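Note that the coordinates shown come from a computational prediction; the quantities given were computed from them, not determined experimentally. Numbering of ligands and ligand atoms starts at 1, following listing order. Reckoned from all heavy atoms, side chains included, excluding hydrogens, waters and symmetry mates.
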Amino acid sequence: MLCKAGWEVIGIDNDMRSWYFGPAGTTAPMVEDLLATYAKYRHVTIDIRNREAIRNLFHEERPDFIVHTAAQPSHDKAASIPYDDFDVNAGGTMNLLVAARDFCRESPFCFTSTNKVYGDRPNSLPLVELEKRYDYADGRDGIDESMSIDACLHSLFGASKASADIMCQEFGRYFNMPVGIFRGGCLTGPQHSAVELHGFLTYIVQCAVTGREYTIYGYKGKQVRDQIHCHDVARLFGEFYKNPKCGEVYNLGGGRNNSLSILETIDLLVGLGYRLRCTYKPTNRVGDHICYISDLTKIRTHFPQWRLEYDVPKIIDEIIERHMLHTVAST
Ligand SMILES: NC(=O)c1ccc[n+]([C@@H]2O[C@H](COP(=O)([O-])OP(=O)(O)OC[C@H]3O[C@@H](n4cnc5c(N)ncnc54)[C@H](O)[C@@H]3O)[C@@H](O)[C@H]2O)c1
């Protein structure tokens, strides 16, 4: 979005994703695409844990806008790499915040936090079991930012992101910096390097299209997530840039209209002509949400110009289209 608008953009990514998830998780092709498409895009392969390198870059460039999305992003992976998870998610975020404070304190800073900061607390809400999904028994639209993040089971990932989330809030409040904290539901899109451990929608669509088997873990496949396309995320960050707030927290997802369960996703894919091969394991992922839908009221109130442009069928169409293009290109 920024490249299209003519900005000079510096991407920081060391492709640590391929270390977390193996070669299928690499983000290298996206970087190649960006470099080939936008003359004003530059890439640096710095590790955000490298404090000196981050400070030097911020000192030299003094960016006008910072979008911090680098992370160890998997709930399940974190337990096997606890130091790396914490050093990247909490320590790396600290490095970026201090560098921003010291070299470009006025520049808006968006941090992609996660709904896992609420741990398994959303599972304590009363739920109803419907034919294809769970839903909230009290009729609420979704979960808002007043939910406690304390005294619940987070996963190590949820805890490292919660550390970063609170530190971002602190820089917003203590130093009065324009830092926005966006607690993501499912952020998705055709460029997501989906793997089983991260990137639900892209991964399940790719399984359907390629005939790969998909495993459902627990909750009878009725667990619900709200999906938001990265384009809508980027547009929201653009609104934050125009109208930044200091240390505000927002729940960010596709909201109720973009929410669906695994069973409903499978039905949608069948409707498109793709029959998914599934196995079912009754044990759910530790601390996995049964029903998580973001309440977007606060975002819509603070950024009234922002609207979701992607519904779920449009997101799925794009994922399939990109997959087909890549298959044709590689044959
Ligand atoms: N995708 C989702 O459903 C979702 C949901 C909630 C929150 N989030 C958050 O949004 C952000 C982006 O998520 P995503 O799904 O695009 O993840 P992703 O894994 O696709 O992207 C993260 C990128 O960070 C890079 N990275 C990792 N460690 C690094 C390091 N030490 N130094 C430099 N770069 C490093 C990776 O190589 C990868 O390209 C993350 O902060 C994630 O926690 C994502």
Protein contact of [atom] - nearest heavy atom, named by residue and atom, plus distance:
atom	answer
atom 21 (O) of ligand 1	Arg17 NE, 4.2 Å
atom 32 (N) of ligand 1	Ile48 N, 3.0 Å
atom 22 (C) of ligand 1	Thr69 O, 3.8 Å
atom 3 (O) of ligand 1	Leu187 N, 2.9 Å
atom 27 (C) of ligand 1	Ala71 O, 3.2 Å
atom 33 (C) of ligand 1	Asn14 OD1, 3.2 Å

Residues [X], [Y]: salt bridge by 4.0 Å N-O rule:
X	Y	result
Asp295	Arg140	no
Glu145	Arg183	no
Arg55	Asp102	yes
Arg256	Asp141	yes
Asp317	Lys314	no

Mark yes when over 12 heavy atoms from residues, nucleotides or ligands other than Tyr174 sit less than 6.0 Å from its OH; otherwise mark no.
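Count not over threshold, so no.
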
Mark yes when over 12 heavy atoms from residues, nucleotides or ligands other than Asp311 sit less than 6.0 Å from its CG; otherwise mark no.
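Count over threshold, so yes.
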
Atoms of ligand 1 close to [X] [distance to a heavy atom under 4.0 angstrom, numbered from 1]:
X	value
Ile46	32 (N), 33 (C)
Gly184	6 (C)
Tyr20	27 (C), 28 (N)
Cys186	3 (O)
Ala70	24 (O), 34 (N), 35 (C)
Asp15	37 (O)
Asp47	30 (C), 31 (N), 32 (N)
His192	1 (N), 14 (P), 15 (O), 16 (O), 20 (O)

Of the listed options Asp13, Val195, Val88, Thr112, closest to atom 37 (O) of ligand 1 (non-hydrogen atoms):
Asp13

Winner among Ala164, Gly185, Cys230, Ser18 once heavy atoms are compared against atom 5 (C) of ligand 1:
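Considering heavy atoms of Ala164, Gly185, Cys230, Ser18, the nearest to atom 5 (C) of ligand 1 sits in Gly185.
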
Parallel, tilted or perpendicular: which describes the rings of His229 and His231, with under 30° parallel and over 60° perpendicular?
perpendicular

Angle between ring planes, Tyr250 versus Phe240, binned at 30° and 60°: parallel, tilted or perpendicular?
perpendicular

Find out if a path of hydrophobic residues (ILVMFWY) with successive side-chain heavy-atom gaps under 4.5 Å connects Tyr118 to Val286.
no

Hphob cluster co-occupancy, Leu296 + Leu260, side-chain heavy atoms under 4.5 angstrom
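Result: no, two separate clusters.
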
Do any heavy atoms of [X] fall under 4.0 Å from ligand 1?
X	result
Ser113	yes
Lys161	yes
Met30	no
His68	no

Mode of Thr27 contact toward ligand 1 - side chain, backbone, both, neither (heavy atoms, under 4.0 Å):
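The answer is the side chain of Thr27.
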
For ligand 1, the portion of His198 having any non-hydrogen atom under 4.0 Å away
side chain

Any side-chain donor near an acceptor of the partner, Glu60 and Asn56, under 3.5 Å:
no

Regarding Asp64 and Ser107, do their side chains bring together a donor and an acceptor under 3.5 Å, going by distance alone?
no

Looking only at distances, please establish whether an N/O atom of ligand 1 is found under 3.5 Å from an N/O atom of Pro73.
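N/O-N/O distance below 3.5 Å does not exist for this pair.
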
Could you list the donor-acceptor pairs under 3.5 angstrom formed between side-chain atoms of residues 195-209 and any protein atom two or more places apart in sequence or on another chain?
unit_1	atom_1	unit_2	atom_2	d
Glu196	OE2	Tyr217	OH	3.0
Thr202	OG1	Thr188	OG1	3.1
Thr202	OG1	Gly189	O	3.3

